[in-house]
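Here's the structure, in structure tokens; my notes come after.
Not measured: the values here are computed from a predicted model. The figures that follow rest on heavy atoms only: side chains count, while hydrogens, waters and symmetry mates do not. First listed ligand is number 1; within each ligand, the first listed atom is number 1.
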Amino acid sequence: MAAEIGKKEIFMEGKRIYLSSPTMHGEEQKFVQEAFDTNWVAPLGPNVNAFEKELAAYVGIAHASALSAGTAAIHLALRILGIGEGDVVFVPSLTFSASCNPIVYEKAVPVFIDSERDTWNMSPEALEKAFHKYPEAKAVIVVHLYGTPAKLDELLAICEAHNVPLIEDAAESLGSTYKGKFTGTFGKVGIYSFNGNKIITTSGGGMLVSEEEDITKRATFLATQARDPARHYQHSQIGFNYRMSNVTAGIGRGQLLHIEEHKALKKAIYQRYKEAFADIPQITMNPLNACGDANNWLSCLTIAEGCGVTPDAVMDALAEENIESRPIWKPLHLQPVFAECDFIKENETECVAEDIFDRGFCLPSDIKNTDEDMERIIGIVRKLF
Ligand SMILES: *Cc1c(COP(=O)(O)O)cnc(C)c1O
């Protein structure tokens, strides 16, 4: 029995095409080896400091703090901005739950904002409405979904008018630019993620960036258990164990050397899909922002309503061929855990986030996909229309 199952598994394995899996190059191991050779196998060391400097230099910001996860970075951003119990924080509904969870860690109150059609990101109109309803709101978290920059000029103008800080969740958009400037560098605080499926990975990790050194210094302080300067262990505040390790940072340094190459490959995947589906009027690719240059972390599409093909049908057809795809993030206002939270739409007639979720899905966007893989994926999708 066990042998049979084993055989079946081997047979089923074949070649799997992934949504977005890590792509390593070799330099990662060199930096990790250095960490071992010098015995810097700790949540501090030369790779951590160098990775911060190198990432900050790449995106063109003054300061960075390397952390254990993007989620930890969002948490510390909220903590540093003084968000606390009962404070209202605006966050898009159409995003991964990690954009929002830290708001709840701090006992603050998430209020979800609908998307606009042009970029799928936070709608400036809905945000304006949200400020009318909650003039006391304390912060705004913007996400650049699937790598497409949000309407930053409009969103920043609203935040400035209401004197509220913007936190940029650029977990999915490292390498994307808006009007020539990197996403993650527009807000008072920006965060990146190096989780396994992001455009570059450290196997798990995150970065908090800011133009203000006070902010990143405080992030590093809080991330290392908030130790006061003293010989003994002295604490006047509650800290966290959120620092990135020197081994992990070594992987990040190696990966960062290839970010532009990863971006170019992701863009090529998007263009390939766009051209391949151009003659199918029921298919629309996820939007880009004309004011920006997206990293195209994941290529997504939506299917016209009532055309007889559903995202589930396409995802099933791909799964049968051992090809991974994924639904669009389920809007957070529809999640059972956030059922009590308010949700602000652009207008009463439609919910953009729900519509994108209902009609869309994420295509395999792995940069190791070969021409042949892309042909196969495209063929399976096209056959259904
Ligand atoms: C991946 C992701 C995060 C969380 O990052 P981790 O490093 O996995 O903690 C946050 N927000 C968005 C939009 C993400 O996609």
Does any N or O atom in Trp297 lie less than 3.5 angstrom from one in ligand 1, N or O only?
no

Tyr18 atom OH: more than 12 heavy-atom contacts under 6.0 Å:
no

Evaluate Thr95 for polar contact with ligand 1, using N/O atom pairs at a separation under 3.5 Å.
no

So if I count the atoms of ligand 1 from 1 in the order they appear, which ones are less than 4.0 Å from some heavy atom of Ala98?
3 (C), 4 (C), 10 (C)

Would you say the ring centroid of Phe343 lies under 6.0 angstrom from that of Phe338?
no

Going by atom types only, do Arg79 and Gln237 share a side-chain donor-acceptor pair under 3.5 Å?
no

of all protein heavy atoms, closest to atom 11 (N) of ligand 1 is Asp169 OD2, 2.7 Å

Test of proximity, Ser193 against ligand 1: N or O pairs below 3.5 Å:
yes

If you count every heavy atom of other residues, nucleotides or ligands that lies below 6.0 Å from Gln29 atom CD, does the total exceed 12?
no

Keeping Asn295 on the side-chain end and Leu174 on the backbone end, is there a donor-acceptor pair under 3.5 Å?
yes

Would you say Ser99 touches ligand 1, if touching means a heavy atom closer than 4.0 Å?
yes

Enumerate, atom names and distances included, each donor-acceptor pair closer than 3.5 Å involving a side-chain atom of residues 37-50, sequence neighbours excluded.
| unit_1 | atom_1 | unit_2 | atom_2 | d |
| --- | --- | --- | --- | --- |
| Asp37 | OD1 | Gln33 | NE2 | 2.9 |
| Thr38 | OG1 | Glu34 | O | 2.7 |
| Thr38 | OG1 | Ala35 | O | 3.4 |
| Asn47 | OD1 | Arg253 | NH1 | 3.0 |
| Asn47 | ND2 | Phe31 | O | 3.1 |
| Asn47 | ND2 | Asn246 | O | 3.2 |

So is there a nitrogen or oxygen of Ile191 less than 3.5 Å from a nitrogen or oxygen in ligand 1?
no

Can you list the ligand 1 atoms lying under 4.0 Å from a non-hydrogen atom of Ala171?
2 (C), 3 (C), 10 (C), 11 (N), 12 (C), 14 (C)

Checking a contact table here: which protein heavy atom is nearest atom 15 (O) of ligand 1, and how many Å away?
Glu172 OE2, 2.6 Å

What I want to check is whether the side chains of Ser65 and Thr220 have a donor and an acceptor closer together than 3.5 Å.
yes

Return a table of donor-acceptor pairs under 3.5 angstrom between the side chains of residues 361-370 and protein atoms on other chains or two or more places apart.
| unit_1 | atom_1 | unit_2 | atom_2 | d |
| --- | --- | --- | --- | --- |
| Ser365 | OG | Ser299 | N | 2.9 |
| Ser365 | OG | Leu363 | O | 2.7 |
| Asp366 | OD1 | Lys368 | N | 2.9 |
| Asp366 | OD1 | Lys368 | NZ | 2.8 |
| Asp366 | OD2 | Ser21 | N | 2.7 |
| Asp366 | OD2 | Ser21 | OG | 2.5 |
| Lys368 | NZ | Ser21 | O | 3.4 |
| Lys368 | NZ | Ser21 | OG | 2.9 |
| Lys368 | NZ | Pro22 | O | 3.0 |
| Lys368 | NZ | Thr23 | OG1 | 3.0 |
| Asn369 | ND2 | Asp366 | O | 3.4 |
| Thr370 | OG1 | Glu372 | N | 3.4 |
| Thr370 | OG1 | Asp373 | N | 3.0 |
| Thr370 | OG1 | Asp373 | OD1 | 3.4 |
| Thr370 | OG1 | Asp373 | OD2 | 3.1 |

Distance filter under 4.0 Å to Val143 heavy atoms, resulting ligand 1 atoms:
13 (C)

Considering only non-hydrogen protein atoms, determine which one is nearest to atom 9 (O) of ligand 1 and report residue, atom name and distance to 0.1 Å.
Thr71 OG1, 2.5 Å

Which heavy atom of the protein is the closest neighbour of atom 14 (C) of ligand 1, given with residue, atom name and distance?
Lys198 NZ, 3.3 Å

Could you give me the CA-CA distance, side-chain angles and deciding distance for Phe194 and Met244, then say whether side-chain contact (heavy atoms from CB on, under 4.5 Å) is met?
CA-CA 11 Å; Phe194 312 111; Met244 181 181 281; 3.9 Å; yes

Distance filter under 4.0 Å to Asn195 heavy atoms, resulting ligand 1 atoms
8 (O)

Could you tell me whether ligand 1 has any atom less than 4.0 Å away from a heavy atom of Gly205?
yes

